[in-house]
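Note that these values count all heavy atoms, side chains included, but never hydrogens, waters or copies made by symmetry. Since the structure is predicted, the reported quantities are computational estimates derived from the model, not experimental observations. Indexing begins at 1, ligand by ligand and atom by atom, following the structure's order.
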Amino acid sequence: MNKNLLYRNIPKVDVLLEEKKIQELINIYGREMVVETIREELDSLREYIKECEEEESALVRIDALVANIEKHIIHMNTPDIKSVINGTGTILHTNLGRAPIGLKHMQYVAEIATGYSNLEYNLKEGKRGERYSHFEQLLCKITGAEAAMAVNNNAAAVMLILNTLGKGKEIIVSRGELVEIGGKFRVPDVMEQSGASLVEVGTTNKTHFSDYEQAITEETGALLKVHTSNYRIVGFTETVPIEELVPLGEKYYLPIIEDLGSGVLIDLSKYGLTYEPTVQDSIRHGADIVCFSGDKLLGGAQAGIIVGKKKYIDKMKKNQMTRALRIDKFTATILDVILHEYLSEEKAIRNIPALHMITESLEEVTKRAKSLQRMLRQLDLDAEIVLEKCESQIGGGSLPLERITSMAVTIKPLRITTAELEERMRHLPIPIIPRTMNDKIILDVRTIEQRFFKTITKQLKESNIFEEKA
Ligand SMILES: *Cc1c(COP(=O)(O)O)cnc(C)c1O
């Protein structure tokens, strides 16, 4: 093989620049980027030829030069964050972006965010307004609280609350409620950052009313309850419910704070799930301040929502830390839009994707699963495609023990291993993230909307992913 001849077959940069395809790329992406990419591709081609031992494959690679340049540029110009299809059945999957937002809701955000808005402008009075004002009334109406605001996420909410009410003071909290949220973030560590010092009372499994009372001193700033939303302590246990803590707070003039974590606004026990304390209940029981996530059971965007007594919320709004934790216009808009759905429980369940998925009946999921199975079987894939009952989870650190009976399309590949198929599905242009169980791919249809079925079938059909590697 004459390598010098092969090298001479490589087109020069200025010749490539005359190519129609390259001209098109320059028009779209600019000359500088195209030239740079051409250089990189030429380098990698020369490297390839140097190592290559067959003339044939070197020639093929030279022929593919322009196509490779195009691929390279397109790849470079494609955002890395992309849609995936969630076949895991975990509805609030933190790694997959927690609560999906409804398309209609997002369209409203797009309209607002692509132009100017009254985000911080009071149209009635023609002067500066407040970004929380748009949904504060709504939150008060829904939860029964006096005032409300929102910050970047619930961890930020906890920090702001404690900084405002407990800086330089002691905050009393039960040892059974010192939650780690995930990603190694621990609520007690976040709390310490607020400048308040935690006073832990009770034991892991039992905390009594008297434990709280005995810990109260001159230095106490507040009593804190943390809803153990992502785990349960069962068996020989005792906790002091918020309604019993409230009188204690009143007796010593101390605010009662409750971090609800998942913050549900609808009593899910009506839909066959375990009762999860609602924000309304917490307020009704007399909590002074309640905080919760915007993208867990609420089904909205990442946010930390704070509701409660006006005198405390006002102090938080004035806290300088708020400026660093404030929500942006996207979040403010999404909260405004989504909270409106909660004016009617029926509407919320229907229009908020996470709630819809949680409450969707097995019959409905099965209907969809059958339709996906039919579509997949029509493709004649090298796989067994069967329907099987499975169990969905809520996820996002909410209702940890809850399992919702669901229906899965299972795929058992015939010519490759299940692990190989799982990996290949993950590398599709729109990755499909399944669960694997009993050496089968499980696509839990509860978390897959009908509108994604075409994408799934099209990709499985065109990608040859069921074939053995050559
Ligand atoms: C999830 C959770 C948080 C953190 O909420 P983010 O919105 O993820 O910051 C804090 N406290 C509890 C009890 C939680 O469950």
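- Residue Ala155 has at least one N or O atom closer than 3.5 Å to an N or O atom of ligand 1.
- No heavy atom of Val158 sits closer than 4.0 Å to any atom of ligand 1.
- If you number the atoms of ligand 1 from 1 as listed, the ones under 4.0 Å from a heavy atom of Val226 come out as 13 (C).
- Around atom NZ of Lys311, no more than 12 heavy atoms belonging to other residues, nucleotides or ligands sit under 6.0 Å away.
- Of all atoms in ligand 1, listed by their number and element, those nearer than 4.0 Å to a heavy atom of Arg98 are 6 (P), 7 (O), 8 (O).
- For Ser174, the side chain to side chain donor-acceptor pair (under 3.5 Å) test picks out Thr207, with sequence neighbours left out.
- The closest donor-acceptor contact from the side chain of Arg446 to the backbone of Met357 lies under 3.5 Å.
- Between Glu364 and Lys367 there is a salt bridge, with a side-chain nitrogen of the basic residue lying less than 4.0 Å from a carboxylate oxygen of the acidic one.
- Listed by number with element, the atoms of ligand 1 under 4.0 angstrom from any heavy atom of His227 are 13 (C).
- For the side-chain contact (heavy atoms from CB on, under 4.5 Å) with Thr88, the lone residue among Ile91, Ile85, Asn86 that qualifies is Asn86.
- Using a 4.0 Å cut-off to heavy atoms of Lys296, the atoms of ligand 1 that qualify are 1 (C), 2 (C), 3 (C), 5 (O), 14 (C), 15 (O).
- Residue-to-ligand polar distances place Asn154 within reach of ligand 1: an N/O pair is separated by less than 3.5 Å.
- For the side chain to side chain donor-acceptor pair (under 3.5 Å) test, no residue two or more places apart in sequence or in another chain qualifies with Lys389.
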